[in-house]
Amino acid sequence: MSYFSYREDYLYWRLIHSLLIEGYRILNISDDQTEIWLEHFNNRKIPTIRIKRYDIDWTNWLRQDIKQTCMNGEMIRKRFFKKKLDCLNVYISAYPPVDSYEDLFNRSFQLDKSKTSVRNFLIAGSHISDSIVQLANIFGKDLIGPIKQQYEPYEIDVVRNNCIQQIKLLEKKEKKLLKQTKPFFTYIFLVIQIVVFLLMEFAGGTLNPEVLVAFGAKFNPFILAGEWWRFITPIFIHIGMIHLLFNSLALYYLGTMVEGIYGKIRFLIIYLFAGFLGTVGSFVFNYNISAGASGAIFGLFGALLYFGIIHKRTFFRTMGVNIIGLIVINLSLGFVAPGIDNAGHIGGLIGGFLAAGIVHLPKERKSDKRIAFFIIALLLTVGSLYYGFTYPKLPPLIY
């Protein structure tokens, strides 16, 4: 390999290293490490960058690669639920294409019906110094620094290893963010709801309305009569084996995730308040007997949404699309399928989100918005209870 190739390899890794220091994070890196995508949630001017280390020969290859970059950028835009995406596409080559190519770098590219715009930039050949100056003008600072004409392989290894170490450090920090502690209350709640289910089966069956009411299911007339504890007990009661099975699986997967992020005590507060507000929502809008951990489980969805607001990049890199998809699917089913207490689901979702905002995330700077979350939760709770007791939702009278 000629020293020019070594120089371009150094440029490639040096630029990546500088962008990581500037706060950019890795979206994807190819197996051969010659292509990398980076993003920065707080940089609206250049939120996404794609860098390609390749010795370009013909403009036709360049056109095809730009088209593919537009397609990949559109997938990233959809993945992060962005209205539009502006991407800077940087090529680092030992020399420019042998045929005419300038028009590809004088304008932005956008595919039909796409909301992703790709602006291309070339660092190549004898124009490297000028290109570095132009790149500095785009970012408002020099990201590369002085460049030598020749580099040895070990110099490239040094800057490459620095990048890899920084990437691994960020990945380690991200994993730690998702695993603050091992689950405890998740397993406690699982055991409680299974034990309660077995006791109800021995008492006459979980499909028996009298058994449900006796064990503490939500029953509006009894709540109106003063049995306020029925706002909590329905969280641990399930109607039928299928109901228990689905909620137990959901609690296991979501509970371990949320408790790992928020810690034991915060998880306990989130789960119970979400379950409580879910029951309040059912009390206000649904007169039927109801029970189940669904409201509390939707509260776990709400807590994950709050986490996504605080840590957007980590959220969308790991779970964001799946979580949002599950929320949409489950709420949609609640509106079209009979027998689903969607008021309880929505109440739990809101409750979990508000509770997460109140307790906030562990080991992070205290949020000034915690008081606002508390006030909103208080007003919503008091207002809902006032409405529910003033205009009770009762079954129609049968004559």
Side-chain angles (χ1 to χ4, degrees), residues 8-56 62-93 96 101 104-111 114-124 127-128 130-145 147 156 159-160 162-171 174 312-314 316-317:
E8 277 69 52
D9 289 342
Y10 178 85
L11 278 171
Y12 174 75
W13 288 107
R14 176 61 183 154
L15 179 57
I16 293 171
H17 185 260
S18 296
L19 290 171
L20 290 173
I21 293 175
E22 289 297 310
Y24 281 87
R25 296 294 181 265
I26 304 296
L27 276 174
N28 185 56
I29 185 167
S30 62
D31 293 336
D32 60 3
Q33 298 183 349
T34 61
E35 177 184 359
I36 190 166
W37 286 76
L38 305 104
E39 52 85 22
H40 197 311
F41 271 103
N42 297 324
N43 191 324
R44 296 184 178 181
K45 183 180 178 182
I46 312 174
T48 309
I49 302 174
R50 183 256 193 170
I51 308 174
K52 177 68 177 176
R53 170 67 186 98
Y54 183 79
D55 291 334
I56 306 170
L62 195 58
R63 286 197 180 93
Q64 292 299 318
D65 189 73
I66 291 172
K67 181 179 178 181
Q68 186 62 49
T69 302
C70 290
M71 294 170 63
N72 291 340
E74 182 66 6
M75 287 192 294
I76 291 172
R77 183 193 68 80
K78 292 178 179 179
R79 176 184 173 189
F80 286 90
F81 295 92
K82 292 180 176 289
K83 293 182 179 179
K84 65 175 184 176
L85 181 70
D86 295 321
C87 175
L88 179 64
N89 184 27
V90 180
Y91 293 97
I92 300 178
S93 173
Y101 65 90
L104 299 177
F105 296 91
N106 293 330
R107 58 188 177 90
S108 296
F109 286 80
Q110 191 169 353
L111 299 177
S114 170
K115 296 179 181 179
T116 298
S117 177
V118 175
R119 178 172 44 143
N120 303 297
F121 190 87
L122 178 63
I123 301 177
H127 301 293
I128 281 182
D130 293 337
S131 298
I132 291 174
V133 172
Q134 294 174 18
L135 194 65
N137 292 332
I138 293 175
F139 283 94
K141 64 186 304 183
D142 184 4
L143 297 175
I144 298 176
I147 293 296
I156 299 166
V159 68
R160 181 197 292 119
N162 285 338
C163 288
I164 299 301
Q165 288 177 7
Q166 193 164 355
I167 292 170
K168 289 181 178 179
L169 184 64
L170 292 170
E171 289 177 349
E174 192 172 77
K312 292 181 182 178
R313 186 185 72 89
T314 301
F316 282 106
R317 273 174 55 89

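Residues: numbered from 1 along the sequence shown.
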Evaluate the criterion side-chain contact (heavy atoms from CB on, under 4.5 Å) for residue pair V90 and I92; output intermediate values, then yes/no. CA-CA 7 Å; V90 180; I92 300 178; 4.3 Å; yes
Derivation of the side-chain contact (heavy atoms from CB on, under 4.5 Å) call for I36 and N28: CA-CA 6 Å; I36 190 166; N28 185 56; over 6 Å; no
Between K52 and T34, does the side-chain contact (heavy atoms from CB on, under 4.5 Å) criterion hold? Intermediate values first, please. CA-CA 6 Å; K52 177 68 177 176; T34 61; 3.6 Å; yes
Applying side chain to side chain donor-acceptor pair (under 3.5 Å), run through N162 and Q166 and close with a yes or a no. CA-CA 6 Å; N162 285 338; Q166 193 164 355; over 6 Å; no
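Interatomic distance, L11 CG to L135 CG, rounded to the nearest 0.5 Å: 10.0 Å. If you take CG on N43 and CZ on F139, they are separated by 7.5 Å, rounding to the nearest 0.5 Å. Of the inter-residue distances, the one linking L111 atom CG with Q68 atom CD reads 9.5 Å to the nearest 0.5 angstrom. For the atom pair CD1 of I49 and CG of L38, the computed distance is 6.0 Å after rounding to the nearest 0.5 Å. Atoms CG and CG, from N120 and L104 in turn, are 7.0 Å apart once rounded to the nearest 0.5 Å. From I164, atom CD1 reaches atom CD of E171 across 9.0 Å, with rounding to the nearest 0.5 Å.
Here the options are I128, I132, V133, the test is side chain to side chain contact (heavy atoms under 4.5 Å, CB included), and the partner is I144; only I132 passes.
For residues 130-142, every residue pair satisfying the side chain to side chain donor-acceptor pair (under 3.5 Å) rule, not counting sequence neighbours, is listed here: E22-K141.
Side-chain contact between N89 and R119: absent, with no pair of heavy atoms (C-beta onward) separated by less than 4.5 Å. Side-chain atoms of I66 and F105, non-hydrogen and from C-beta on, never get closer than 4.5 Å to each other. Put simply, the side chain of K78 does not reach to within 4.5 Å of the side chain of M75, judged on heavy atoms. Using a 4.5 Å heavy-atom cutoff, the side chains of R160 and Q33 are in contact. At a threshold of 4.5 Å between non-hydrogen side-chain atoms, the residues I76 and L27 count as touching. Side-chain atoms of L169 and I167, non-hydrogen and from C-beta on, never get closer than 4.5 Å to each other. Side chains of T116 and C70 form no contact here, defined as non-hydrogen atoms less than 4.5 Å apart. A heavy-atom distance below 4.5 Å is not found between the side chains of W37 and I51.
By the side-chain contact (heavy atoms from CB on, under 4.5 Å) test, D65 pairs with R50, W61, T69, Y91, sequence neighbours left out. When the salt bridge (Lys or Arg N to Asp or Glu O under 4.0 Å) test is applied to D86, no partner is found at least two apart in sequence or on another chain.
Although no hydrogens or angles enter the test, the distance criterion places a donor-acceptor pair under 3.5 Å between the side chain of K45 and the main chain of I138. Although no hydrogens or angles enter the test, the distance criterion places no donor-acceptor pair under 3.5 Å between the side chain of S93 and the main chain of A124. Between the side chain of Q110 and the main chain of S114, a donor-acceptor pair closer than 3.5 Å is present. Distance alone, capped at 3.5 Å, places no donor-acceptor pair between the Y24 side chain and the T48 backbone.
Using a cut-off of 4.0 Å between Lys/Arg side-chain N and Asp/Glu carboxylate O, E74 and R77 are scored as salt-bridged.
Nearest heavy atoms, R53 versus Y12: CB-CD1, 3.5 Å. In plain terms, the two heavy atoms of R25 and L20 that are nearest each other are NH1-O, 3.5 Å.
The environment of K82 atom NZ is dense: over 12 non-hydrogen atoms of other residues, nucleotides or ligands sit within 6.0 angstrom.
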